[in-house]
Every structure is written in C-alpha cells, then in structure tokens.
Q: 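My structure is below; once you've seen it, I'll send some questions.
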Amino acid sequence: MNWRNATRVQLCEIAYNDSEAPITHKRAALEELQRRQRPIHPKINFRKKKVYPR
C-alpha cells in the first residue's frame with residue numbers, strides 16, 4: 001500500500017481501529033501520521049546584508 005497517498009482518515013482507521021490489520025501495516029500507518037505532523041521548515045535567506053562604511 002502506498003502510505004503517502006492514503007488519507008488521514010484511512011491511516012487513523014488502520015493504525016487505531018482495525019483489529020485485523022497486521023502489525024507492520026499499523027506501524028507504517030503510525031509512521032506516516034508522525035511524518036505528516038512534522039513542522040515544515042521555512043526557507044532561509046542566505047544573502048549577505050549590505051554593510052555601509054563608517
């Protein structure tokens with residue numbers, strides 16, 4: 001199963017409610033839910049700031 005294409009409802013159903021799902025599927029669904037909760041890092045601007053002469 002492609003876990004990235006699954007909806008959040010499907011992942012929660014497999015991870016928590018499906019008693020007949022194999023443990024490997026439950027683990028993969030939980031990992032995908034955790035991956036989706038990671039914070040997205042903002043872009044960092046590496047341009048040099050202009051320094052004016054003194």
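Source: prediction; values computed, not measured. Note that the numbering runs from 1 along the sequence shown for the chain. Atoms considered below: every heavy atom in the structure, side chains included; atoms not considered: hydrogens, waters and symmetry mates.
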Q: Which heavy atom of D18 sits nearest a heavy atom of K26, and at what distance?
A: O-CE, 3.0 Å
Q: According to the side-chain hydrogen bond (donor to acceptor under 3.5 Å, both in side chains) rule, which pairs have a member within residues 28-40, sequence neighbours left out?
A: R27-E31, E32-R35, E32-R36
Q: So do the side chains of L33 and C12 get within less than 4.5 Å of each other, counting heavy atoms only?
A: yes
Q: Could you tell me which residues satisfy side-chain contact (heavy atoms from CB on, under 4.5 Å) with A29, sequence neighbours excluded, listed by chain and number?
A: W3, L11, I14, A15
